[in-house]
Amino acid sequence: MVTALAVPEPRVRAALEALPGDGLPAYVYDLAGLAEHMAAVRAALPPEVELYYAAKANPEPPVLAALAPFADGFEVASGGEVAHVAAAVPGRPLAFGGPGKTPAEIAAALDAGVGRFHVESLHELRVLAHLSAGRPAPVRVLLRFDPDVPAGLLASGALAMGGGPTPFGMDAGDTDAAVRLLTGGAHPQLEPAGLHAHLASGLAAPELAAVAEAVAGAAAALARRHGFALRELNLGGGMRVDYGDPGARFDWAGYGTALARIAAGLPGVRLRIEPGRALTAYCGWYVTQVLDVKGSRGARFAVLRGGTHHLRTPATRGHDQPCAVLPVPDWPHPWPRPAAGPGPVTFVGQLCTPKDVLARGVPVAGVRAGDRVAFAMAGAYAWNISHHDFLMHPHPAVHFLPADGSATPLTRRGT
Ligand SMILES: *Cc1c(COP(=O)(O)O)cnc(C)c1O
């Protein structure tokens, strides 16, 4: 297995090389690249389809702000995210999803003016009905349902949230009961806006489009059966990111064509998607420095400052993170400089566990202690899903390359 090599564009490479050596490891977010990517995604989608960003993929405030001009709203999945996103992008529409919402979180979200709730169970709907009673503003409710989709479709993804027993969303019987509760007139503050489904992560466009067709058909049938007007249908996220091919992108145009077809078949229904990973993965870099290079029984290892406690993505997904070696000519030390290559080298971190591997079999031209290594595709489910304090190493610095593409010096957030 050969790990993909990443090729930072010159603007990004210059920024990665300009970081002070004592400021590594660091996350660098290319906000100009993010804006460019978002513009391309929007251009590929039919204008009538709304896009919410699933904030859990990367909630860094400058990332949220750079995304905001291209997003119709944000999907948040905890009380913490409600407060954080409302502060980072004030006034933007929020949809509160996710399992296990506490009564306190629901009440705080109502107080914060969250406009939409993705309700995960009949119990949660009853709590929401109680806590929102008497409120003047309508509370829009989308029921997260669990429709049957053709077998095998979800299996091609990295994570399945449907297609079998799942803690997410509602069973068919509970969905029917929830629709009756919503439309029965006892809770006039609740507006039965529609349905929500997020069944898998990591699907390619043809599979995700087929899932969307099946979800749309099931949603229309459910609304017909109950005689309730389906106004909104959220098809979730889950667009595939291929970590083995950093230059590849999800086929947004193909998916957009499928969404236009679905929208045409559902007049009066507002379609919405809520991607996370496929929006922000590409804008993030984790750059660090080689501390040691050594051999072990014929294999070569480069030990890096940092590791999977900063970038857990390859460990959780079992992949190799694409990366680039940025050679540093200077070696200011009086002791010899360890080196390896050309040939495959495995990049590991500083943690005392064999799981602390960022990339195996990287086909380097050469790598020496003191060189920099930049890991690409570190903008989603990266820093924020990592076990930061294991072994008590320092946290990385965080830098944001400005969204206007200007040559402003890197900004640094406290570490
Ligand atoms: C995590 C999540 C998303 C985003 O998924 P990606 O795979 O990052 O696109 C969207 N909707 C829900 C309900 C989620 O839990």
Side-chain angles (χ1 to χ4, degrees), residues 6 25-30 34 52-64 66-67 74-85 88 96-101 157-161 167-168 198 200-203 236-244 246 274-288 304-323 347-351 353-359 374-400 413 415:
Y27 268 93
V28 174
Y29 295 108
D30 174 17
L34 175 60
Y52 277 34
Y53 170 60
K56 77 173 186 288
N58 184 334
E60 292 281 3
V63 168
L64 298 177
L67 266 159
F74 294 82
E75 192 257 355
V76 289
S78 72
E81 284 192 355
V82 169
H84 173 87
V85 177
F96 188 9
K101 300 178 190 72
L159 292 173
M161 267 74 70
F168 303 107
H198 172 72
S201 264
L203 294 190
M239 293 74 187
R240 183 184 178 136
V241 166
D242 185 352
Y243 289 87
E274 51 182 22
R277 188 185 303 272
L279 298 183
T280 52
Y282 306 98
C283 76
W285 292 82
Y286 175 65
V287 57
T288 186
L304 304 173
R305 195 184 289 279
T308 54
H309 53 306
H310 295 165
L311 176 60
R312 192 158 166 249
T313 325
T316 50
R317 293 175 47 91
H319 70 221
D320 297 304
Q321 198 74 21
C323 60
F347 289 105
V348 301
Q350 293 173 286
L351 304 184
T353 159
K355 294 186 177 175
D356 191 24
V357 178
L358 291 163
F375 291 89
M377 302 176 76
Y381 306 104
W383 164 249
N384 66 321
I385 62 148
S386 303
H387 45 302
H388 305 152
D389 293 323
F390 184 45
L391 263 89
M392 301 174 73
H393 289 294
H395 290 183
V398 184
H399 305 269
F400 299 94
R413 206 188 60 180
T415 58

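These figures come from a predicted structure and were not determined experimentally. If you read the sequence from its start, that first residue is 1, and numbering goes on from there. What's counted below: heavy atoms across the whole structure, side chains too, no hydrogens, waters or symmetry copies.
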Worksheet item: Going from CD on Glu75 to CD on Glu81, what distance comes out if it is rounded to the nearest 0.5 angstrom?
Response: 7.5 Å
Item to complete: Mark yes or no for whether His388, through its side chain, and Trp383, through its backbone, hold a donor-acceptor pair below 3.5 Å.
Response: yes
Worksheet entry | Side-chain donor or acceptor of Asp356 paired with backbone N/O of Thr308 under 3.5 Å | yes
Worksheet item: So which heavy atom on Leu311 is nearest to which on Pro314, and how close?
Response: O-CD, 3.5 Å
Discussion item. So which atom in Tyr29 and which in Gly379 form the shortest heavy-atom distance, rounded to 0.1 Å?
Written reply: CE2-CA, 4.1 Å
Fill in: Closest non-hydrogen atom pair, Val241 against Ala281
CG1-CB, 4.2 Å
Worksheet item: Considering all heavy atoms of both residues, which atom of Pro246 and which atom of Ala6 are nearest to each other, and what is their separation?
Response: CG-CA, 4.5 Å
Worksheet item: Is there a donor-acceptor pair closer than 3.5 Å between any side-chain N or O of Gln321 and the backbone N or O of Ala376?
Response: yes
Practice prompt. Give, for atom OG of Ser201 and atom CZ of Arg240, the distance between the pair rounded to the nearest 0.5 Å.
Written response: 12.0 Å
Worksheet entry | Closest non-hydrogen atom pair, Ala55 against Leu64 | CB-CD2, 4.5 Å
Fill in: Listed partners of Asp242 passing side chain to side chain donor-acceptor pair (under 3.5 Å), at least two apart
none
Worksheet item: Do Gln350 side-chain atoms and Gly307 backbone N/O form a donor-acceptor pair below 3.5 Å?
Response: no
Practice prompt. List the steps, then state whether side chain to side chain contact (heavy atoms under 4.5 Å, CB included) holds for Thr280 with Leu67.
Written response: CA-CA 9 Å; Thr280 52; Leu67 266 159; 3.9 Å; yes
Response to the item:
Residues Ser78 and Phe96: closest non-hydrogen pair is N-CE1, 3.5 Å
Discussion item. Would you compute the distance between atom NE2 of His319 and atom CG of Leu358 and round it to the nearest 0.5 angstrom?
Written reply: 9.0 Å
Worksheet item: Got a second to check how far Ile385's CD1 is from Arg317's CZ, nearest 0.5 Å?
Response: 9.5 Å
Worksheet, complete the sentence: In this structure, CZ of Phe74 is separated from CD of Glu274 (nearest 0.5 Å) by 13.0 Å
Item to complete: Could you tell me the separation between the CG atom of Asn384 and the NZ atom of Lys56, rounded to the nearest 0.5 Å?
Response: 10.0 Å
Fill in: Steps toward side chain to side chain contact (heavy atoms under 4.5 Å, CB included) verdict (Leu351, His309)
CA-CA 8 Å; Leu351 304 184; His309 53 306; 3.5 Å; yes
Worksheet item: Would a distance-only check, ignoring hydrogens and angles, find a side-chain to backbone donor-acceptor pair under 3.5 Å from His399 to Val28?
Response: no
Item to complete: Give the C-alpha distance, both sets of side-chain angles, the deciding distance and a yes or no for side chain to side chain contact (heavy atoms under 4.5 Å, CB included) between His310 and Thr288.
Response: CA-CA 11 Å; His310 295 165; Thr288 186; over 6 Å; no
Item to complete: Kindly write out the residues that satisfy side chain to side chain donor-acceptor pair (under 3.5 Å) with Tyr381, not counting sequence neighbours, or none if the list is empty.
Response: none
Discussion item. For Tyr27 and Tyr286, I'd like to know if the aromatic rings sit close, meaning centre-to-centre distance below 6.0 Å.
Written reply: yes
Worksheet item: With side chains defined as the heavy atoms from C-beta onward, is the minimum distance between Thr313 and Tyr243 less than 4.5 Å?
Response: yes
Worksheet item: Passes side chain to side chain contact (heavy atoms under 4.5 Å, CB included), Tyr52 versus Val76? Steps please.
Response: CA-CA 10 Å; Tyr52 277 34; Val76 289; over 6 Å; no
